[in-house]
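This report concerns only the one structure given below.
None of the values given here were measured: they were computed from a predicted structure.
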Amino acid sequence: PLIRGAKDFASKDNIDLTVIESTPSTQVQDGHIRDALASGVDGMAISPNDAAAQQGILNEAANKVPVVTFDTDAPKSNRRRFIGIDNYAAGRFCASELTDAMPDGGPVLISVGSVTQSHGRERREGVIDGLLNRGFDRNRPLDPVNGVLKGPKFSIVYTATDGGVPTKAVEAIE
């Protein structure tokens with residue numbers, strides 16, 4: 001839906017849009033950013049694979065063209081804006097849906113693409129805080145990925161990560 005919406009908007013407003021779908025590798029994505037800059041683009045929208053590790057390339061790009069981040073933010077970079085959702089609040093919403101569906105509680109497995117990328121890490125923390133009846137605190141230290149986290153009704157028994165490859169999620173869960 002995101003790419004389709006960008007293409008529809010670009011078509012309607014006669015904007016030359018190039019979409020590059022990168023792999024989860026920061027090195028590959030950095031290469032795409034450098035190639036785009038070399039081609040003379042007028043701006044970029046980037047979902048960084050690792051905002052901290054890519055701060056240098058994001059700043060390099062932002063010094064040449066307007067840069068916005070989406071889905072995954074890079075707040076310490078020189079990007080102009082972040083376009084996305086509040087991932088921590090989205091995780092809390094997910095926890096409330098689970099609480100409604102499982103009023104007696106129980107074990108929960110969390111499956112997320114990555115806990116190193118901010119969007120996955122923040123969503124996971126929102127789910128955990130919601131299920132363990134913690135207050136709304138997006139600055140709480142991160143919970144460990146390994147080990148069981150217990151609350152009054154729910155236990156987080158496992159976090160499966162797939163690095164953005166859905167078949168790996170199925171393998172990890174199995």
Are [X] and [Y] linked, directly or through other ILVMFWY residues, by side chains that come within less than 4.5 angstrom of each other?
X	Y	result
Leu98	Leu132	yes
Val68	Phe82	no
Val145	Ile156	no

Mind checking side chain to side chain donor-acceptor pair (under 3.5 Å) for [X] and listing every partner two or more places apart, or none if nothing turns up?
X	result
Arg140	Asp129
Arg138	Asp86
Asp30	Gln54
Asp50	none

**Request:** Would you confirm whether Asn49, through its side chain, and Ser25, through its main-chain N or O, come within 3.5 Å as a donor-acceptor pair?
**Result:**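 Pair found, side chain donor or acceptor close to backbone of Ser25.
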**Asked** Are any side-chain N or O atoms of Ser11 and backbone N or O atoms of Asp8, one a donor and one an acceptor, separated by less than 3.5 Å?
**Response**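 Side chain of Ser11 to backbone of Asp8: no pair is present.
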Could you work out the complete set of other residues in the hydrophobic cluster of [X], with links drawn between I, L, V, M, F, W and Y side chains under 4.5 Å apart?
X	value
Phe9	Ile15
Leu17	Ile3, Val19
Tyr88	Phe136
Met44	Ile33, Leu37, Val41, Ile46, Ile57, Leu58, Val65, Val67

Strictly by salt bridge (charged side-chain N to carboxylate O under 4.0 Å, His left out), give each pair with a member in [range] just once, sequence neighbours left out.
range	result
residues 149-160	none
residues 99-122	none
residues 11-23	none

Within this structure, what is the [atom1]-[atom2] distance for the pair [X] and [Y], rounded to the nearest 0.5 Å?
X	Y	atom1	atom2	answer
Asn87	His119	CG	NE2	7.0 Å
Glu97	Arg92	CD	CZ	14.0 Å
Phe154	Leu149	CZ	CG	14.0 Å
Asn78	Asn59	CG	CG	4.0 Å

**Request:** Might you work through the side-chain contact (heavy atoms from CB on, under 4.5 Å) test for Met102 and Leu131, ending with a clear yes or no?
**Result:** CA-CA 11 Å; Met102 301 170 58; Leu131 291 178; over 6 Å; no
**Message:** Just to verify, what does Val112 make a side chain to side chain contact (heavy atoms under 4.5 Å, CB included) with, not counting sequence neighbours?
**Reply:**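 Listed in chain order: Val115, Thr159, Thr161.
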Using a 4.5 Å cut-off on heavy atoms from C-beta on, say whether the side chain of [Y] contacts that of [X].
X	Y	result
Ile110	Ile128	yes
Asp143	Arg124	yes
Thr69	Pro48	yes

**Item:** Under-4.0 Å salt bridge between Arg79 and Asp73
**Value:**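 Counted as a salt bridge, because a side-chain N and a carboxylate O are separated by less than 4.0 Å.
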**Prompt:** At their closest point, which heavy atom of Ser47 faces which heavy atom of Asp71, and how far apart are they?
**Reply:**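 Shortest heavy-atom separation between Ser47 and Asp71 comes out as OG-CB, 3.6 Å.
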